[in-house]
Amino acid sequence: MAETHPAVCSHDCYDTCSVELTVNQDRIVRVAGSRLQPLTRNFVCYKVNHAVERVNHPDRVLYPLKRVGAKGQGTFQRVSWDQALSEVAERLQQIRDTVGGEAILPYSYSGNMGVLSEASMDRRVFHALGASELERTICTGAADWVLTAMFGQRLGPDPETIPEARLILLWGTNPMATNIHQVPLLDQAVQNGAEIIVVDPLKTAAAERYGYHVAIRPGTDDVLALSLGQALIRQNRHHQPFIARYTRGFEAYRREAEAWPLERAAEVTGVSLGVLETLVDRLATIRPLLIRPGFGVQRHRRGGRIIWTLAALAAITGAFMDRGGGFLLSNSGAFSLSQDRLTRPDLKPGTVRKVNMVQLGRALTELTDPPIQALIVYNSNPAATAPYQRRVLEGLAREDLLMVVHDSFMTDTARYADYVFPAAMSWEISDLHLSYWHRYWQWNRPAVAPPGEAVSNPEFFRRLARALHLTDPALVASDDELLQDALEGYPPEFRSRLRDQGVVKAGPKPEARPFVDTPILTDDGRIHLEPPPAAKPVDDFNSGPFCLVSPSARETIKSSYGNLPRVIKGPPILWMNPEDMSRQGLHDGEWVRVYNHRGQTVMQARSSDLPRPGVVVSYAVRWLSDHPYGGNVNQLTPDELSDVGGGATFYDARVAVEKWAGGSHVD
Ligand SMILES: Nc1nc2c(c(=O)[nH]1)N[C@H]1C(S)=C(S)[C@@H](COP(=O)(O)OP(=O)(O)OC[C@H]3O[C@@H](n4cnc5c(=O)[nH]c(N)nc54)[C@H](O)[C@@H]3O)O[C@H]1N2
Ligand SMILES: Nc1nc2c(c(=O)[nH]1)N[C@H]1C(S)=C(S)[C@@H](COP(=O)(O)OP(=O)(O)OC[C@H]3O[C@@H](n4cnc5c(=O)[nH]c(N)nc54)[C@H](O)[C@@H]3O)O[C@H]1N2
Ligand SMILES: [Mo]
């Protein structure tokens with residue numbers, strides 16, 4: 001008999017949906033959106049429509065596996081949990097005793113965004129081992145740094161107020177792919193009379209839908225935003241009362257902005273003077289004004305500066321004054337958890353070395369004192385998703401590296417492992433889910449049992465701690481105890497309510513205007529408009545005639561879902577503007593070699609007005625095995641860090657493109 005079961009989607013995505021699963025004989029047979037978390041509105045995105053196929057995939061890793069072939073070849077044999085764990089524990093102990101805990105490196109991100117799955121027992125175990133600490137900056141490093149410096153927290157307006165906005169700037173975000181449940185809210189705003197402007201080097205589906213597209217040159221948004229700010233100030237159309245009452249550092253901002261008259265900005269950004277003037281006029285006259293950047297716009301060497309200028313533009317226009325307006329990048333700060341109680345940094349033996357995840361390849365191939373000798377990967381697939389892939393793969397292939405992967409699939413990363421442990425998927429376990437966009441706490445109960453011998457992340461790390469003979473009571477805590485620690489300070493009724501209802505609204509009241517009706521959490525209670533520290537001069541790490549942008553694909557979430565034949569169809573594609581195609585003598589559908597000094601990959605070129613001239617696009621990311629010659633688009637992306645926050649610079653890549661003859665190997 002089929003039964004329905006409420007659950008939560010655990011992907012690293014703005015929407016954090018509530019879903020309804022249909023379960024028949026301990027098997028999930030259908031997934032649909034629900035209204036428990038109201039923004040989900042009974043529908044799910046393209047990828048989650050394929051989640052049944054993913055959860056029941058015949059390729060799921062069901063048992064612990066030990067490598068028998070060469071590294072990277074992907075040949076494994078089944079072993080028992082006891083054998084795999086005791087062999088891994090013995091190697092880890094030996095590394096710790098001889099070279100020190102810092103020779104061990106965890107690598108994880110948000111494969112499962114549940115509170116316990118993302119960061120709980122894993123952190124405790126690595127702290128207790130004295131392992132190197134991973135700086136998890138690959139996605140939002142620059143933005144997090146700037147939001148904290150300017151506002152003291154990551155808070156935006158409640159997305160449920162979007163329909164009240166009358167001017168919305170979608171700035172470096174493509175909700176049609178990455179935030180589909182924002183689309184009905186935007187549509188509603190349009191019906192209410194709003195104008196939506198899309199600032200993106202690509203004519204994205206959102207640009208097509210909402211009409212007004214500003215096709216900016218990648219990485220020049222700080223110039224655009226400063227020039228608009230400068231023009232508003234010069235025309236005396238800035239919001240002086242807001243600036244005086246709520247901000248600090250206006251003079252410093254003004255000095256920076258003055259360097260960018262519209263004419264000069266037009267040259268740098270590739271946006272015409274006429275369009276710039278229209279933008280100034282709109283910003284000066286239409287309220288409520290919502291500036292809605294995505295994380296896409298900060299994946300550049302000046303990513304921090306870019307986010308700073310966008311937030312400062314919201315401040316000098318006084319966008320925060322109106323309900324429905326403001327600056328919506330992250331709502332992570334609407335939820336508060338006792339992170340330290342949950343992850344227990346006090347278990348660390350002292351200060352430990354930090355390693356930035358963006359530079360995994362460098363860490364594995366260059367670090368000394370001590371070199372990394374063991375890598376433990378979960379919730380992430382860096383062989384496919386980390387930049388400077390050639391170096392990452394070189395590191396993963398090191399014969400002397402002990403590599404352990406906990407995942408549900410034999411990913412590109414897992415193929416390099418010495419031991420692969422089977423991971424349960426989120427609908428097979430319990431967890432608490434928060435969003436970085438909306439403000440609902442959600443509780444997920446298991447709908448089915450994990451297949452084979454798969455276990456959740458906290459359980460995997462509890463088992464590892466036991467095998468390592470680590471005896472601190474913090475390392476045997478149950479999921480319930482972990483959750484209690486995370487929710488320290490909340491009354492027990494909160495937890496029962498969450499479990500009973502599944503969904504509880506958090507954060508300030510929706511009508512509270514962030515930073516006007518809520519406190520500004522900087523030291524002086526003001527929004528800091530001073531510019532972030534200037535980036536240390538970077539060598540020009542880029543060369544090649546084209547800017548390569550590799551944003552989120554609609555069909556996958558990074559590499560996840562990339563192994564479903566019904567989702568991934570056809571070869572990997574490089575989208576090019578027709579002008580560039582003909583200048584390069586290329587024809588639609590031809591194979592091309594895309595390369596720079598970091599690496600190369602082979603794709604099929606397709607002619608399209610998606611990118612502006614000078615920009616080429618390949619959506620992130622395909623499995624390596626999907627590419628005729630191995631590497632995917634991350635062969636070409638830089639591992640350089642953003643100006644502040646140690647963020648990634650994926651979209652700050654330059655490449656050359658040439659017709660590929662095929663046949664022989666590319667060298
Ligand atoms: N379907 C799907 N959904 C996802 C994901 C996915 O992979 N697939 N990923 C999830 C994750 S991990 C994240 S972080 C979010 C990210 O979702 P978003 O915040 O939407 O960010 P991105 O997809 O990185 O990039 C968005 C847009 O930024 C544009 N862009 C790139 N460079 C620039 C620039 O210099 N200036 C401007 N103005 N625009 C620029 C790109 O062309 C792209 O259209 O989405 C989440 N949701
Ligand atoms: N070129 C390019 N590269 C990019 C980006 C880009 O825009 N362009 N975006 C970057 C961004 S924003 C991000 S966030 C990163 C994301 O990069 P990754 O963190 O590597 O994300 P995924 O590829 O989704 O891999 C997540 C893995 O976690 C596994 N997983 C899921 N749930 C669980 C669980 O409960 N337990 C365990 N143990 N494993 C689980 C999944 O099976 C999957 O293999 O990629 C970055 N890479
Ligand atoms: Mo991300």
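Just so you know, ligand 1 is whichever comes first in the structure, and atom 1 is the first atom listed for that ligand.
Atoms of ligand 2 found under 4.0 Å from any heavy atom of Cys139, numbered from 1 in the order shown, are 12 (S), 14 (S). Short contacts between ligand 2 and Asn381, defined as distances under 4.0 Å to a heavy atom of the residue, involve ligand atoms 18 (P), 20 (O), 25 (O). Each of the atoms 38 (N) of ligand 1 lies under 4.0 Å from some heavy atom of Ile216. Interface atoms of ligand 1 facing Gly294, defined by a heavy-atom separation under 4.0 Å, are 19 (O). For ligand 2, the atoms sitting less than 4.0 Å from at least one non-hydrogen atom of Ile557 are 24 (O), numbered in the order shown with element in parentheses. Listed by atom number, the atoms of ligand 1 under 4.0 Å from Tyr14 heavy atoms are 15 (C), 17 (O), 18 (P), 19 (O). Within ligand 1, the atoms closer than 4.0 Å to a non-hydrogen atom of Ala177 are 1 (N), 2 (C), 3 (N), numbered from 1 in the order shown. Ligand-side atoms of ligand 2 in range of Ala424: 35 (O), range being under 4.0 angstrom from any heavy atom. Atoms of ligand 1 found under 4.0 Å from any heavy atom of Pro218 (numbered from 1 in listed order, with element): 35 (O). Here is the list of ligand 2 atoms found below 4.0 Å of a heavy atom in Tyr378: 38 (N). Which parts of ligand 1 touch Asp221 is read off a 4.0 Å heavy-atom cut-off, strictly below it: atoms 34 (C), 35 (O), 36 (N), 37 (C), 38 (N). Near Gly219, with a cut-off below 4.0 Å to any heavy atom, the atoms of ligand 1 are 34 (C), 35 (O). Interface atoms of ligand 1 facing Val297, defined by a heavy-atom separation under 4.0 Å, are 36 (N), 37 (C), 38 (N).
Contacts of Ala553 with ligand 1, taken as heavy-atom pairs under 4.0 Å, involve the backbone alone. Of all the heavy atoms of His300, the ones lying under 4.0 Å from any atom of ligand 1 belong exclusively to the side chain. Of the heavy atoms in Arg54, only side-chain atoms (C-beta onward) come closer than 4.0 Å to ligand 2.
His50 and Tyr46 have tilted rings, their planes meeting at an angle from 30° to 60° on a 0 to 90° scale. In this pair, Tyr14 and Phe295 present their aromatic rings parallel. The plane angle is below 30°, not in the 30 to 60° band.
Closest protein heavy atom to atom 29 (C) of ligand 2: Asp407 OD2, 3.3 Å. Annotation: atom 8 (N) of ligand 2 to nearest protein heavy atom, Ser550 O, 2.8 Å.
The shell of residues lying under 4.0 angstrom from ligand 2, judged by heavy atoms, excludes Met425. Using 4.0 Å as the threshold, Gln635 has no heavy atom nearer than that to any atom of ligand 2.
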Using the ring-ring contact (aromatic ring centres under 6.0 Å, His included) rule, take Tyr378 and Phe460 through it: C-alpha gap first, then chi angles, then the decisive distance, then the call.
-> CA-CA 10 Å; Tyr378 53 104; Phe460 172 68; 7.6 Å; no
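Side-chain N/O atoms of Gln600 and Gln635 include no donor and acceptor closer than 3.5 Å.
Remark: Arg54 is positioned above the aromatic ring of Tyr561, its terminal NZ or CZ atom under 6.0 angstrom from the ring centre and at most 45 degrees off the axis.
Polar contact check, Thr556 against ligand 1: a nitrogen or oxygen pair lies under 3.5 Å apart. The shortest N/O to N/O separation between Tyr436 and ligand 1 does not fall below 3.5 Å. The shortest N or O to N or O distance between Thr220 and ligand 1 is not under 3.5 Å. At under 3.5 Å, a nitrogen or oxygen of Asn112, whether backbone or side chain, sits near a nitrogen or oxygen of ligand 2.
No salt bridge links Glu453 with Arg463; every basic N to acidic carboxylate O contact stays at or beyond 4.0 Å. Using a 4.0 Å cut-off between a side-chain N of Lys or Arg and a carboxylate O of Asp or Glu, Arg598 and Asp639 do not qualify as a salt bridge.
Among Asp12, Val214, Ile138, the residue whose heavy atom sits closest to atom 11 (C) of ligand 1 is Asp12.
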